[in-house]
Structures are given as C-alpha cells and as structure tokens.
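In what follows, a single structure is set out as structure tokens and then discussed.
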Amino acid sequence: MNAIAGTAHYPPEADSAPAGAPPSDPAAAASAAAGLPSSIPEYLQRLRQALHGADPALIQDALYDAEEYLRAEMAENPQRSEAQIIASVAGSYGAPDEVAEIYRDTEAKVQTALRPPRPAPRRSWLGRFFGVALEPRTYGALFYMLLSLATGTFYFTWVVTGASVSASLLILIVGLPLLILFLGSVRVLALVEGRLVETMLGERMPRRPLYSDRERPWLERIKEMFTDPRTWGTLLYLLLMLPLGTAYFSVAVTALALSLSLIFAPIAQWTGLFHGNICLDYACTNAGSWGVLPEAVLWPLCLLTGVLLLFATLHLARGIGYLHAQLAKALLVRWG
C-alpha cells in the first residue's frame with residue numbers, strides 16, 4: 001500500500017520508554033510521549049477502535065493495509081523494535097486516528113464517485129413502481145440471479161470435492177497440506193464472490209484478504225485459519241450458493257419468460273408473426289370469471305398483464321439482490 005500522509009509530533013526528550021522497549025531508545029520514548037502505540041498489535045487495535053462504526057469491509061481493508069505496511073517495514077529493518085518502526089513511520093503513514101480519518105474520507109469519496117446517479121425522486125406509487133427500470137442496480141441484481149446458478153454450482157463442487165479429498169487424506173502426510181491449501185483457496189473464492197456482490201449488488205465488500213503474517217510460526221497460522229469464524233462462514237456461504245443459485249435462476253427465468261411472452265404474443269399476432277390464438281381456457285371459449293371476453297379486449301389485457309409482471313420481476317430482483325448482499329456481508333466479512 002502506498003504511504004498515507006500524516007503528521008506526528010515528537011518532543012525532544014521523554015522521561016519514560018514504552019513497555020517492552022529499551023529505556024535508551026529515543027524513538028520509542030518519543031513514540032510513547034506522542035501517544036503512539038508501542039507494538040503492531042496495539043497499533044491495529046487502536047486503528048480498529050478509531051474505525052468503530054465504519055463498514056466492516058472497510059475495517060478489514062484498513063487493518064490489512066496497515067499490518068502489511070508495518071510488517072514490511074519490520075522486515076526491511078530487523079534490527080529495530082516495533083516501537084521504533086511505528087515512531088519512524090508515523091510521519092509518513094500516520095497514527096491510528098489519522099489513518100482512520102483518511103480511510104473514512106477516502107471511502108466517502110470513492111463511494112460517491114462509484115455510486116450510479118440517483119433518479120429524480122418519485123412521489124406517486126406509479127412512478128416508484130415503473131421507476132425501477134431506470135435504476136442500474138436493478139439489472140445488476142437480475143444478472144446476478146441468472147449468473148448465480150453457474151457460480152453456485154462451481155462453489156458447491158469445489159467445497160465438497162476439496163473437503164472430501166483433503167479430509168480423506170488426513171491419515172496420510174499429504175492430507176494436512178491439502179487441507180490448508182483448500183482453505184486458502186476458499187479465501188480466494190470469498191474475495192472473488194465479494195467482487196461480484198459489490199459490482200452487481202452494490203454492497204461494499206472487502207478488497208483485501210485477511211492478513212496472515214508470514215513471519216509467524218506456521219502452526220500458529222494454521223491454528224488461526226481453523227479458529228477464524230470467517231473460514232467456516234465462507235464454507236457455509238459457498239455451500240448455500242447452490243440451492244440459492246438454483247432458486248434465483250429458476251425465479252428469474254420463469255418470471256422473465258412468462259412476462260415477455262405475455263408482452264410479445266399480442267404484438268406478434270397483430271404484426272402477423274404469430275398466427276395462433278390467445279385464449280383464456282383450453283377450449284378457446286375465452287370464458288373467464290368476468291364472462292366471455294372478445295379478442296379485442298383479451299389482447300390488450302394480455303399485454304398489460306405482461307408489462308406489470310415484468311416490472312414486478314424487476315422489483316423482485318432488487319429485493320432478492322438486497323437480501324443476498326446482506327447474507328454475503330454477514331458470512332464473508334470479519335465483523336468488529
């Protein structure tokens with residue numbers, strides 16, 4: 001991540017050094033006097049507190065960027081302590097409060113730039129009902145419903161195959177590496193799905209993965225992967241995508257086919273492209289609960305029903321898209 005501009009003020013002298021730092025460390029003493037954290041975990045905790053109330057996806061991205069930057073500085077300067085690193089980069093990267101404020105401002109600007117223009121407010125219920133056709137998110141949600149059958153099938157197949165193969169080979173030496181590799185691939189799929197959800201459904205999702213410090217012992221990293229609730233939430237989400245994707249695809253295709261057929265059947269008959277009959281019953285007596293309807297009334301009624309059903313389908317797609325985005329946010333994003 002590029003360095004974030006910030007400011008830090010260091011007094012010329014400090015009476016005490018931060019916990020865990022040598023008393024003769026002037027940078028650490030200045031860090032303590034300036035109110036800066038003395039360790040990377042403390043820095044991340046203060047950054048999390050400063051971002052309290054922000055979008056969970058934004059918090060995950062900010063924590064990843066901060067930890068990656070600080071760990072990279074530690075790797076380049078192994079002779080320096082964490083307190084020294086934080087004190088030295090505070091002027092270029094920023095203190096936790098400064099970084100949190102910058103992330104909030106940047107997120108607001110980015111969301112404003114990416115948000116599609118809002119249509120003019122409609123006061124009548126007719127305007128709100130038909131105005132759904134002018135909202136870009138409507139078509140994104142509809143396309144997501146059509147795409148979800150393919151993505152859901154792939155996710156389900158990947159999870160079932162990967163889990164069964166790796167679990168069955170745990171008795172062998174290759175079982176554990178395969179299981180770790182499988183869980184790592186699941187995190188990649190979570191990022192891919194997050195990009196689809198944010199692009200098509202408009203819900204802010206993480207753009208960074210969960211950070212994993214490569215310098216930590218591999219046993220601790222494996223333990224963290226297994227104890228992280230987002231790992232199991234992601235697995236559950238990927239498994240749910242098959243039944244949900246099947247349902248979304250079936251609803252979208254059925255509703256679109258029915259509404260479009262009701263719209264274009266009268267038009268095709270009027271233009272001579274369709275030579276059949278539009279009937280209310282199998283015997284084509286056109287006898288319904290309102291009595292016998294002539295074709296002059298039945299054709300416009302069929303067209304009107306198709307139009308209303310089409311717009312109802314668009315509203316249904318918007319609703320399903322919103323609910324699914326909340327499900328994805330709950331299962332794929334680390335909260336808090």
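Owing to the predicted nature of the structure, the values given are computational and were not obtained by experimental measurement. FYI, the numbering just counts along the sequence from 1.
A donor atom on one side chain and an acceptor atom on the other are found under 3.5 Å apart for Ser38 and Glu42. When only modelled atom types and interatomic distance are considered, Tyr237 and Glu193 share a side-chain donor-acceptor pair under 3.5 Å. When only modelled atom types and interatomic distance are considered, Asp61 and Tyr103 share no side-chain donor-acceptor pair under 3.5 Å.
At distances below 3.5 Å, not a single donor-acceptor pair connects side-chain atoms of Glu67 with backbone N or O atoms of Tyr64. Not one N or O on the side chain of Thr199 forms a donor-acceptor pair closer than 3.5 Å with the backbone of Leu196. Judged by distance alone, the side chain of Ser166 and the main-chain N or O of Gly175 form no donor-acceptor pair under 3.5 Å. Under a 3.5 Å cut-off, the side chain of Arg46 and the backbone N or O of Pro96 do not form any donor-acceptor pair. Ser250 places no side-chain N or O within 3.5 Å of a backbone atom of Ala247 that could act as its donor or acceptor partner. The backbone N or O of Ala57 lies less than 3.5 Å from no partner atom in the side chain of Gln60, so there is not a single donor-acceptor pair. A donor-acceptor pair is defined here as one N or O able to donate and one able to accept, closer than 3.5 Å; such a pair exists between the side chain of Glu82 and the backbone of Ile40. A donor-acceptor contact shorter than 3.5 Å links the side chain of Ser164 to the backbone of Thr161.
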Criterion salt bridge (Lys or Arg N to Asp or Glu O under 4.0 Å) on Arg187 and Asp228, from CA distance to verdict = CA-CA 12 Å; Arg187 291 190 173 187; Asp228 185 2; 3.8 Å; yes
I would like to know whether Leu176 and Leu169 meet side-chain contact (heavy atoms from CB on, under 4.5 Å); could you show each step before the answer?
-> CA-CA 8 Å; Leu176 184 58; Leu169 294 177; over 6 Å; no
Just do the side-chain contact (heavy atoms from CB on, under 4.5 Å) check on Leu327 and Leu332 with the steps written out, would you?
-> CA-CA 8 Å; Leu327 175 65; Leu332 299 181; over 6 Å; no
Before giving the answer on side-chain contact (heavy atoms from CB on, under 4.5 Å), spell out for Arg137 and Arg318 the whole-Å C-alpha distance, their side-chain angles and the decisive distance to 0.1 Å.
-> CA-CA 7 Å; Arg137 294 301 182 193; Arg318 282 296 303 269; 4.1 Å; yes
Step by step, would you call Arg48 with Gln45 a side-chain contact (heavy atoms from CB on, under 4.5 Å)?
-> CA-CA 5 Å; Arg48 186 192 300 272; Gln45 181 61 29; 4.1 Å; yes
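Looking at heavy atoms from C-beta onward, His324 lies in side-chain contact with Tyr248 at the 4.5 angstrom threshold. In this structure the side chain of Leu51 never reaches within 4.5 angstrom of the side chain of Val99, judged on heavy atoms. Between His315 and Ile320, every side-chain heavy-atom pair lies at or beyond the 4.5 Å cut-off. For the pair Leu331/Thr234, no side-chain contact is recorded, criterion being any heavy-atom separation below 4.5 Å from C-beta on. Looking at Tyr322 and Leu201, their side chains never come closer than 4.5 Å, going by heavy atoms from C-beta outward. Side-chain contact between Val160 and Leu239: present, with at least one pair of heavy atoms (C-beta onward) separated by less than 4.5 Å. The shortest side-chain heavy-atom distance between Leu238 and Phe156 does not fall under the 4.5 Å cut-off. Looking at Leu183 and Thr231, their side chains come closer than 4.5 Å, going by heavy atoms from C-beta outward.
Looking at Arg208 and Glu68, no side-chain N of the basic residue comes within less than 4.0 Å of a carboxylate O on the acidic one, giving no salt bridge. A salt bridge between Arg104 and Asp55 is absent, with no side-chain N of the basic residue lying under 4.0 Å from a carboxylate O of the acidic one. With respect to Glu73 and Arg80, no salt bridge is recorded, no charged nitrogen being found less than 4.0 Å from a carboxylate O.
The aromatic rings of Trp232 and Phe226 lie tilted to each other, with the angle between the two planes from 30° to 60°. Using a 30° and 60° split on the angle between ring planes, Phe130 and Phe311 fall in the perpendicular class, above 60°.
Shown here for Tyr144 and Val197, the closest heavy-atom pair between the two residues is OH-CG2, 4.1 Å. Closest heavy-atom contact between Trp158 and Ser185: NE1-OG, 3.0 Å. Residues Ala100 and Ala50 approach most closely at CB-CB, 3.5 Å, considering heavy atoms. The minimum heavy-atom distance linking Ala62 with Leu47 is given by the pair O-CD2, 3.9 Å. For the residue pair Leu36 and Ala87, the shortest heavy atom distance occurs at CD1-CA, 4.2 Å. The minimum heavy-atom distance between Pro206 and Arg195, with the atom names listed, is O-NH2, 3.5 Å.
Within 6.0 Å of CZ in Phe143 there are 12 or fewer heavy atoms belonging to other residues, nucleotides or ligands. Sparse packing is recorded around CD1 of Ile173, with 12 or fewer heavy atoms of other residues, nucleotides or ligands lying under 6.0 Å away. More than 12 heavy atoms of other shown residues, nucleotides or ligands fall within 6.0 angstrom of atom OH in Tyr139.
A single hydrophobic cluster is not seen to contain both Leu323 and Met241; linkage of ILVMFWY side chains at heavy-atom distances under 4.5 Å, directly or through other members, places them apart. Hydrophobic clustering (ILVMFWY, side-chain heavy atoms < 4.5 Å, transitive): Phe154 and Val186 are in one cluster. Neither Ile263 nor Leu309 shares a network with the other; the hydrophobic side chains, linked directly or stepwise wherever heavy atoms of I, L, V, M, F, W or Y lie under 4.5 Å apart, form separate groups for each. With hydrophobic clusters built from ILVMFWY side chains whose heavy atoms lie under 4.5 angstrom apart, Val165 does not share a cluster with Leu179. Hydrophobic clustering (ILVMFWY, side-chain heavy atoms < 4.5 Å, transitive): Leu262 and Phe129 are in distinct clusters.
Rounding to the nearest 0.5 Å gives a distance of 5.0 Å between CE of Met200 and CG of Leu147. The line from CG of Leu316 to OG1 of Thr138 is 11.5 Å long, rounded to the nearest 0.5 Å. Separating the CG atom in Leu70 from the CD1 atom in Ile85 is a distance of 8.5 Å, to the nearest 0.5 Å. Going from atom OG1 of Thr151 over to atom CG of Leu244 covers 10.0 Å, rounded to the nearest 0.5 Å. Taken from CD1 in Ile59 to CD in Glu107, the straight-line distance is 11.0 Å, to the nearest 0.5 Å. For the atom pair Glu198 CD and Arg204 CZ, the distance stands at 5.5 Å (nearest 0.5 Å).
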